[in-house]
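Below, chains carry the letters A, B, ... as their sequence lines are ordered, and counting in each starts from 1.
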Protein chains: 2
Amino acid sequence: MKASIFDVAKRSGLSVVTVSRVLNGADTVREKNRQKVLDAIKELDYRPSAAARSLARGRTGTIGLIVTTLHDSFFDSVAKEINDALALQGYYLAISVSSGFGNEESHYLIQEDRVDGLILLSPLEEDRFVAELKKRNIPYVLIDNQLQENNSASISVDNFSGGYEATRHLLELGHREIAHLSGQEVFLSTRERRQGFLWAMKEAGLEPFAMEQGVYGVEFGYETAQKWLKSGKLPTALFAGDDHMAIGFINALMREGIQVPRDMSVIGYDDQMLASQLHPLLTTMRQPADHIGLAAVDILLRKMANQNKRMNGIKLKPELIIRQSTAARGE
Amino acid sequence: MKASIFDVAKRSGLSVVTVSRVLNGADTVREKNRQKVLDAIKELDYRPSAAARSLARGRTGTIGLIVTTLHDSFFDSVAKEINDALALQGYYLAISVSSGFGNEESHYLIQEDRVDGLILLSPLEEDRFVAELKKRNIPYVLIDNQLQENNSASISVDNFSGGYEATRHLLELGHREIAHLSGQEVFLSTRERRQGFLWAMKEAGLEPFAMEQGVYGVEFGYETAQKWLKSGKLPTALFAGDDHMAIGFINALMREGIQVPRDMSVIGYDDQMLASQLHPLLTTMRQPADHIGLAAVDILLRKMANQNKRMNGIKLKPELIIRQSTAARGE
DNA sequence: TTGAAAGCGCTACCAA
DNA sequence: TTGGTAGCGCTTTCAA
């Protein structure tokens with residue numbers, strides 16, 4: 001039988017209440033007794049039951065994180081940061097990879113109130129989740145939200161600015177024929193990055209060389225490159241909506257002997273791990289995963305503290321990381 | 001105030017016990033009453049408290065999965081499979097990404113008995129975990145274990161056979177000058193794959209063209225290729241210990257205009273997502289993530305059912321996936 | 001600074 | 001087929 005707080009009390013010769021106090025770091029326990037309790041705990045190899053604690057306290061000490069996939073080094077990093085930030089505050093992180101479209105009527109982390117608060121990382125079904133969370137009165141924070149109206153409790157990266165800066169970088173290198181690859185329209189980030197691109201182009205008095213819209217991923221980049229290659233018309237520079245598309249694009253070019261950045265410059269977005277591993281190392285826009293994680297935890301904990309108060313969203317700036325895939329325009 | 005089972009009882013005009021029965025799908029409830037209860041539940045938007053349930057039942061209904069990283073499509077797949085298999089049985093999966101070396105004295109999933117059982121996916125600190133789990137009497141299963149002695153409760157992929165098959169594939173294509181890149185020695189899988197390689201070579205009466213040992217990842221593959229390129233001596237075929245090394249290696253070759261598989265064949269291991277995205281599409285050894293996940297859940301649940309009985313480990317075979325990076329030896 | 005007692009919300013056991 | 005009652009292991013008053 002597992003030891004309970006009762007056993008510890010008996011063994012230490014003190015009351016259950018005192019043991020509980022020691023467990024929770026109350027400072028109203030005589031040092032000598034504290035030691036007795038600690039000894040008893042060690043001897044019995046006792047650990048408090050999470051279930052009993054949650055029940056008694058009315059909260060679980062766990063924060064949930066819902067992600068669509070962790071197979072993405074940006075999400076992965078954010079999750080790690082959140083985990084660490086939370087640990088510092090004595091909270092546990094429960095990650096749930098919700099592939100998305102829910103036959104699962106509603107998420108289990110929500111269903112049984114297993115969490116005190118929730119962080120949604122780039123949620124696809126944002127509105128459904130948010131509605132549910134509001135109804136349940138569960139504090140939450142959105143990262144990289146899609147819906148403008150949810151800006152109140154969200155951390156986002158300024159994608160417009162990211163698209164703008166990326167394009168500016170190419171422009172400053174002397175490029176005039178610049179194309180853009182974008183991902184799914186459903187993502188607000190997709191549209192914003194493109195707007196940033198268009199803005200920078202317009203500002204420079206230029207028309208986009210080409211724009212393609214597809215699905216984030218290596219394949220789309222590869223295929224687009226092949227298509228363009230076949231048509232014989234290539235821009236001198238490309239702003240890809242994410243690193244994977246950029247990598248796929250470069251991959252296709254390399255196979256045709258077209259060199260990056262000698263023959264063409266390519267900039268990606270996200271600074272995926274792969275971006276700094278595959279050659280040519282990719283110039284890209286980095287999303288500040290660490291700040292994002294910290295900010296999310298900060299806002300969430302605040303919200304949990306003063307239920308009533310309304311928080312303001314935070315918008316972070318992405319950072320241009322110059323590597324090897326972009327260079328001044330040839331000739 | 002949140003509705004409790006008591007409120008549902010009151011509202012439905014039945015007892016708490018009956019409500020509990022309905023909640024747990026007992027078939028000893030009159031259909032009419034069942035409906036009453038269901039209605040009350042809906043009206044009150046009631047959900048059972050996970051904490052109270054766990055406390056009363058003595059188990060949490062949650063299975064923990066400890067992984068070092070999910071930023072790996074193999075781990076990611078296995079995790080998904082486990083999640084689904086578990087859901088089918090009414091269990092929840094709590095994933096915990098434990099970067100490894102624990103200042104965290106002992107893992108929180110273990111610490112507070114938040115789980116009924118634990119699955120360890122390719123654990124680095126296997127012995128520490130296993131010792132702890134045995135002590136706590138928590139049922140567990142290891143996937144891809146490092147220590148031979150833990151084979152009792154483990155699912156592993158036959159890495160020896162994988163290394164052997166991969167090499168055979170190259171051999172059958174007519175290659176004679178075959179090199180091997182391996183990862184960290186700490187991993188049993190690393191050593192086994194190499195042994196498989198060596199065995200196949202020996203069987204064919206051949207000496208390895210070269211063998212390098214480094215760290216799993218794109219970089220090591222890239223650097224090794226560069227080194228070999230510089231020395232001017234390349235094998236006609238390479239068996240890389242994992243896909244990332246293979247990809248890095250190919251990446252370096254491509255930059256020098258050396259084509260795969262025309263000039264050299266490369267086979268990887270794991271069938272990472274990237275392997276089927278980057279061109280040339282990588283020939284590789286696939287680990288059967290689905291079977292692994294299923295088997296792990298199966299064994300774990302069995303162990304949980306009959307605490308006493310000893311299970312036998314399972315060893316699965318990897319599968320050769322032929323894509324574009326290997327071809328018959330030239331000339 | 002300590003402890004007795006009353007829950008937290010649910011399930012399990014025993015009767016009816 | 002139903003319900004009363006006693007816990008599950010902990011925290012939180014409230015008194016002492």
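For the 3.5 Å distance criterion, the side chains of Asp144(A) and Ser156(A) fail to qualify, holding no donor opposite an acceptor.
Classification of Lys2(B) and Asp113(A) as a salt-bridged pair holds, one side-chain N sitting under 4.0 Å from a carboxylate O. Residues Arg21(B) and Asp27(B) are not paired through a salt bridge, judged by the lack of any N-O separation under 4.0 Å between the basic side chain and the carboxylate. A salt bridge links Asp76(A) with Lys80(A): the distance from a Lys NZ or Arg NE/NH1/NH2 to an Asp or Glu carboxylate oxygen falls below 4.0 Å. Note on Glu132(B) versus Arg128(B): no salt bridge recorded, every NZ/NE/NH1/NH2 to OD/OE distance being 4.0 Å or above.
Distances shorter than 4.0 Å separate none of the side-chain N or O atoms of Asn33(B) from OP1 or OP2 on dT1(D). Under 4.0 angstrom from either OP1 or OP2 of dT1(D) there lies no side-chain N or O belonging to Thr28(B).
Separating the CG atom of Asp113(A) from the P atom of dC10(C) is a distance of 10 Å, rounded to the nearest angstrom. What separates CZ of Arg57(B) from C1' of dG9(C) is a distance of 12 Å, to the nearest Å. Going from atom CG of Leu55(B) over to atom C1' of dA12(C) covers 13 Å, rounded to whole Å. With rounding to whole Å, Ile5(A) atom CD1 is found 15 Å from dC8(C) atom C1'. Nucleotide dG9(D) holds its P atom 16 Å from the CZ atom of Arg114(B), rounded to whole Å. Here dA4(C) presents its C1' atom at 12 Å from CZ of Phe6(A), a figure rounded to the nearest Å. For the pair Arg59(B) CZ and dG7(D) P, the computed distance is 21 Å after rounding to whole Å. Distance Lys36(B) NZ to dT1(D) P: 15 Å, rounded to the nearest Å.
Nearest nucleotide to the side chain of Ala56(A), out of dT2(D), dT5(D), dG9(D): dG9(D). Nearest to the side chain of Ser20(B), among dT11(C), dG3(C), dT1(C), sits dT11(C). Comparing dC10(C), dC10(D), dT11(C) by their nearest atom to the side chain of Arg53(A) picks out dC10(D). Between dG9(D), dT5(D), dT1(C), one nucleotide has an atom nearer to the side chain of Arg30(A) than all others, and that is dT1(C). Residue Ala52(A) places its side chain closer to dG9(D) than to any other of dT11(D), dG9(D), dT1(D). Listed nucleotides dT5(D), dT11(D), dG9(C) differ in distance to Ser49(B); the shortest reach to its side chain belongs to dG9(C). Ranking dT11(D), dG3(D), dC10(C) by closeness to the Thr18(B) side chain, first place goes to dG3(D). Closest to the Ser4(A) side chain, of the nucleotides dT12(D), dC10(D), dT1(D), is dC10(D). For Leu23(B), counting side-chain heavy atoms from C-beta on, the closest listed nucleotide (dG9(C), dT11(C), dT12(D)) is dT11(C).
A distance of 13.5 Å separates NZ of Lys10(B) from CD1 of Ile5(B), quoted to the nearest 0.5 Å.
Remark on DNA chain D: of its neighbouring residues Gly13(B) and Val19(A), the 5'-side contact belongs to Gly13(B), judged by nearest-heavy-atom nucleotide. If you find the closest nucleotide of DNA chain C to Ala51(B) and to Arg21(A), the one lying nearer the 5' end belongs to Arg21(A).
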